[in-house]
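Everything below concerns the one structure shown next.
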Amino acid sequence: MDYRTEIAVRIAVATGLDAETTNGLIEVPPQKELGDYAFPCFALSKTLRKAPAFIASELAADPGLGASWIEKVESVGPYLNFFLDRGHVASTVLTAILESGIHYGDGDEGKGKTVIVEFSSPNIAKPFHVGHAFTTVLGNSLSRIYSKLGYRVVRMNHLGDYGTQFGKLITAYRLWGDEQALRSAPIKELLRIYVKFHEAEKDDPSLGITARENFRRLEEGCPDERALWEKFRDMSLKEFSAVYEKMGVSFDNYNGESFYGDRIPEVVKLLNEKGILTESEGAQVVMLDEYGLPPCIIIKSDGTTIYASRDLAAAMYRYDTYGFYKNIYVVGLPQALHFKQVFAVLEKAGLPYAGDCVHVGFGLVKFKNMKFSTREGNIVVLDELLDESISKTREIIKSNALIRDTGMSDEGIEEVALKVGIGAVIYTYLRAGRERDIVFSWEEMLDFEGDSAPYLIYTYARTRSILRKASERGITDIEISKTDFLLLTSDDETGVVKLLAEIPDAVSRAAATNEPFMVARLAAQIARAFNRFYNNSAILSGTDIALRNARLALCEATCAGILICTDLLGIEVVEQM
RNA sequence: GUUUCCGUAGCUCAGUUGGAUAGAGCGACCGCCUCCUAAGCGGUAGGCCAGCGGUUCAAAUCCGCUCGGGAACACCA
């Protein structure tokens, strides 16, 4: 049952307001000593012409506000505070979670609707660095969140597989390419010749001309250039796939920029039909003055296409193919203007889905005292970061295994190191609002205490451990019907229960704002509340059988809750660590 | 220069449509393993919510200005 709505209805009856209004006014008090829900009476003071505090005390005495599940109603100043019956809440919430398991919080708001999530989108032949990890992790989490709410999600990897840099690469490869090196470490070799090209071009400007010529030949479909491009693309993709697999990320398709290239004539045709394509300084543009935006270039003055035209073609293709409800672009904040322009062109062209396209931007990944440039080759590759995190995790597990005598096998340790180490990296991207810049430092990325994925996973693992021991002792009958949840009324127990109850709301808010950190934050709160309970209460070792079973049920529900959240973030848990 | 985002504890960040005494984590300091995993738990210290003015019964939150920082700004993506 929904306590808030029930309370809103009762207040509505008592005050003469409609239930929707009262529901909107109800808030959660800042301190738990002030109850579970509060109704501020300021809004009533004008119509009733009484002081808010007086109204509150009058309402507190109204018997119509009572219910079996309400422990008491109190007025404190202008607020009317509701205290729920803790046992009743525990019973409602835990029954719901234990019945639904991992499906607790599933929604149906997305039923029959398709959401497209474009994310990751690395550039072919360039290293997959810690900046790409942001869109990858964010997009993956958003995909999972929308899926949980019933949306059909199409995950698209809009590969950067097109553009003038391929002219440079072809040129460089013909001059300095090492077939052997390319085979063993493709991106490393491609980066090497790319960097070399830029160095050499400083002394020999003719290289640039050759590069442009090679790009032109590639665009025209000349077989030699085309074959090299395909080779670079395939080999890069193979390397990216390894990272994706490691991180548990998958895509429904890899239609990159090149895929939309031959659809651009249709875009130009449509914009011409609508009469919004004009010539300016030799280029074909759409003027966007009425939106307060600079013109959007569709065709450059040399007749070639540009990324805006490819994004327009992509949006149209996606609508024609999927009829999307939302078309989400998980792309860095610096491209905000570009997307405003593209969406404005769609709107100006009269396309009804223009308003359903959203740019989900995110902050920069920066370094302390470090420049960051692909051309100069000084970047932090995601793989390095993951390896560092994994090996740190491995060290901790090994030393714990000695201290605790866990008896974990080498394979077991390795599996846990992978999951926890990678989870730790994923979490650092999702713990704060996405528009925040992440100032990269190894120290913070590898901090495994407090607000971190290892903390969440650790909480899960130690809880599983209790449940494992319970079942070893033959306690397998903690069926919902036989569990007396009414016994769970301590501050610590209630703290966990109330947070678990927030999961469904956190998921929908995360989707509505495209902010996975709302899920991450709740997960951390649940884990913290549970650890407090764990520390202060005997769970399995208690002598009261009914209480022991109720607490075991709370453990079970907490595991489900943490699992739901970590799953939405794209983080895997382990049974033991 | 124009547009835009931001400024909350030493550091990293939360703070719902304005509401009660502004909260976490890290770091610092002090405690807690004869007991279910100490990657844990408790406690203390630490704030003029950048500054000034305005709207309001009520402002970290809304509006204006100032200061400070980031980003974007037509033929790269």
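This is a predicted model, so every value here is computed, not measured. Per chain, numbering begins at 1; letters A, B, ... match sequence-line order.
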Do [X] and [Y] meet the criterion of a side-chain donor-acceptor pair at a distance under 3.5 Å?
X: A/Q335; Y: A/Y329; answer: no
X: A/N23; Y: A/R4; answer: yes
X: A/N123; Y: A/H132; answer: no
X: A/S57; Y: A/S75; answer: no

Interatomic distance where [atom1] belongs to [X] and [atom2] belongs to [N] [whole Å]:
X: A/Y37; N: B/A20; atom1: OH; atom2: P; answer: 18 Å
X: A/R431; N: B/G15; atom1: CZ; atom2: P; answer: 14 Å
X: A/D302; N: B/C76; atom1: CG; atom2: C1'; answer: 12 Å
X: A/F533; N: B/C36; atom1: CZ; atom2: C1'; answer: 11 Å
X: A/E435; N: B/C6; atom1: CD; atom2: P; answer: 7 Å
X: A/F215; N: B/C76; atom1: CZ; atom2: C1'; answer: 11 Å
X: A/E444; N: B/G27; atom1: CD; atom2: P; answer: 11 Å
X: A/R528; N: B/A24; atom1: CZ; atom2: P; answer: 8 Å

OP1 or OP2 of [N] under 4.0 Å from side-chain N/O of [X]:
X: A/R509; N: B/U16; result: no
X: A/K340; N: B/U4; result: no
X: A/Q525; N: B/G25; result: no
X: A/R521; N: B/G15; result: no
X: A/Y455; N: B/C41; result: yes
X: A/R436; N: B/A14; result: yes
X: A/N536; N: B/G42; result: no
X: A/Y307; N: B/A77; result: no

Mind checking if A/N535 touches a base, just sugar-phosphate, or nothing, with heavy atoms under 4.0 Å?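 Base: the residue A/N535, judged by heavy atoms under 4.0 Å, touches a nucleobase.
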If you look at every strand shown and take non-hydrogen atoms under 4.0 Å, does A/Q165 touch a base, only sugar-phosphate, or nothing?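 No contact.
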For the base of [N], is there a side-chain donor-acceptor partner from [X] under 3.5 Å away?
X: A/N400; N: B/A39; value: yes
X: A/S280; N: B/A74; value: yes
X: A/E281; N: B/A74; value: yes

Need the glycosidic conformation of B/C5: syn if within 90° of 0, anti if not. Which one?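 You should classify B/C5 as anti.
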Residue A/R532, side-chain atoms from C-beta onward, closest of B/A39, B/A72, B/G42: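 Among B/A39, B/A72, B/G42, the one nearest the side chain of A/R532 is B/G42.
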Just compare B/A14, B/A20, B/A71 and give me whichever is closest to any side-chain atom of A/L364.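 Closest nucleotide among those given: B/A71.
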